[in-house]
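Let me begin by presenting the structure, written as structure tokens, before commenting on it.
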Amino acid sequence: METRDKIIETAKEQFMRFGVRSVTMDDIARLAGISKKTIYQEFSDKNQLVFDTFSNALQDDIIRLEHLPKIKDGVIEHLVGLTNFIRQRFGDMNPMIMNEIQRYFPQCWQLFEDFKKDYVLKEIIELLEKGKEEGYFRMEINTEIIALMRMEQMMFIFDPIKFPPSKFNAVDLQLELFEHFLHGIFTEKGREAYLKQKNQYNENHN
DNA sequence: TACCGT
DNA sequence: AACGGT
């Protein structure tokens, strides 16, 4: 594996597990089995390592989301795929990460902001429009407002004052919000199709 | 690996 | 004191 990729993979693992601040450049060098000098030949500073690591992680997320059942091939199947994505994505994520990045790594935070605006929001809007066309979501919801609300609710669980990690875990929170969001926009047909699809999925995966 | 500055 | 950076 390329040195650069090895550094990024090591950093990704450590950042996800422990957050960005408590993982030192010495830790990453030691765990990657290289010297700090090698890291600084590939990355100008920690700021850039954090940026490149999460840039890489977001690209992986996009690829994984593209492998889910496509929105165009079935909104309901896609929804069940999304719940699985949520379980994986937030399951191994230290709850402090987003706050640390927002406070101490502003360029990386901007990367997340751009990702939300350019990718997440568009995906949600596509899902809402398709779901309305298919009669799964109520026609009267305002796509733009509800898409923005959905995106922000995914972010505010990272506020440790509102949602202390000691009391809530990220996966349970995200799944609870997702279910609540869906039941707020489902038609009767949508609700039934979703529950049926979820049961089918669970039967096949037990 | 040792070292310096913050 | 610990950690980024040389």
Side-chain angles (χ1 to χ4, degrees), chain A residues 1-68 82 84-124 148 150-178:
Chain A
M1 195 192 257
E2 291 284 335
T3 303
R4 189 189 159 79
D5 296 331
K6 189 164 66 183
I7 296 168
I8 285 185
E9 286 308 312
T10 306
K12 199 191 294 183
E13 271 178 38
Q14 297 300 305
F15 290 158
M16 289 298 179
R17 229 182 264 171
F18 304 111
V20 253
R21 291 238 306 164
S22 68
V23 175
T24 68
M25 298 301 266
D26 282 302
D27 290 334
I28 295 166
R30 181 170 38 80
L31 291 163
I34 58 176
S35 72
K36 261 205 293 183
K37 167 135 189 168
T38 309
I39 297 182
Y40 283 101
Q41 280 169 354
E42 300 288 337
F43 306 92
S44 58
D45 51 22
K46 187 175 183 180
N47 189 50
Q48 204 210 320
L49 176 60
V50 170
F51 183 96
D52 289 349
T53 299
F54 284 97
S55 176
N56 180 290
L58 290 178
Q59 286 308 312
D60 286 353
D61 280 348
I62 290 178
I63 290 168
R64 287 173 54 200
L65 287 164
E66 300 298 328
H67 280 83
L68 297 181
L82 280 178
N84 294 322
F85 177 80
I86 289 170
R87 261 186 273 274
Q88 296 171 33
R89 190 63 187 79
F90 295 96
D92 57 359
M93 189 169 162
N94 185 299
M96 295 190 307
I97 286 187
M98 286 301 153
N99 287 296
E100 290 182 338
I101 291 175
Q102 182 168 21
R103 277 192 212 163
Y104 304 108
F105 298 91
Q107 289 152 298
C108 188
W109 182 251
Q110 186 59 48
L111 182 73
F112 278 99
E113 290 293 304
D114 292 342
F115 179 74
K116 281 164 59 183
K117 186 163 78 66
D118 300 334
Y119 185 79
V120 180
L121 189 59
K122 288 187 165 62
E123 285 292 309
I124 298 172
L148 284 166
R150 172 63 190 140
M151 200 171 63
E152 290 313 314
Q153 74 178 13
M154 295 175 72
M155 295 309 293
F156 72 48
I157 73 143
F158 291 110
D159 184 334
I161 305 298
K162 301 190 182 82
F163 300 98
S166 56
K167 191 169 177 189
F168 306 104
N169 86 37
V171 171
D172 291 345
L173 275 172
Q174 288 291 358
L175 290 174
E176 185 73 20
L177 290 184
F178 188 50

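Lettering follows sequence order; numbering is per chain, from 1. Everything numeric in this text was worked out from a predicted model, so none of it was measured.
The span of DNA chain C lying next to chain A, judged by atoms under 4.0 Å from heavy atoms, is bounded 5' to 3' by C/dC3 to C/dT6.
Judged by distance alone, the side chains of A/R64 and A/Q88 do bring a donor and an acceptor atom under 3.5 Å apart. A donor atom on one side chain and an acceptor atom on the other are not found under 3.5 Å apart for A/T53 and A/N56.
Residues passing the salt bridge (charged side-chain N to carboxylate O under 4.0 Å, His left out) test with A/K167: none are found, sequence neighbours excluded.
Closest approach of A/A32 and A/T10 over heavy atoms only: CB-OG1, 3.6 Å.
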| said: Run A/D92 and A/R17 through salt bridge (Lys or Arg N to Asp or Glu O under 4.0 Å) and show every step you take. | reply: CA-CA 7 Å; A/D92 57 359; A/R17 229 182 264 171; over 6 Å; no
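If you check every strand for non-hydrogen atoms under 4.0 Å, A/K37 touches nothing.
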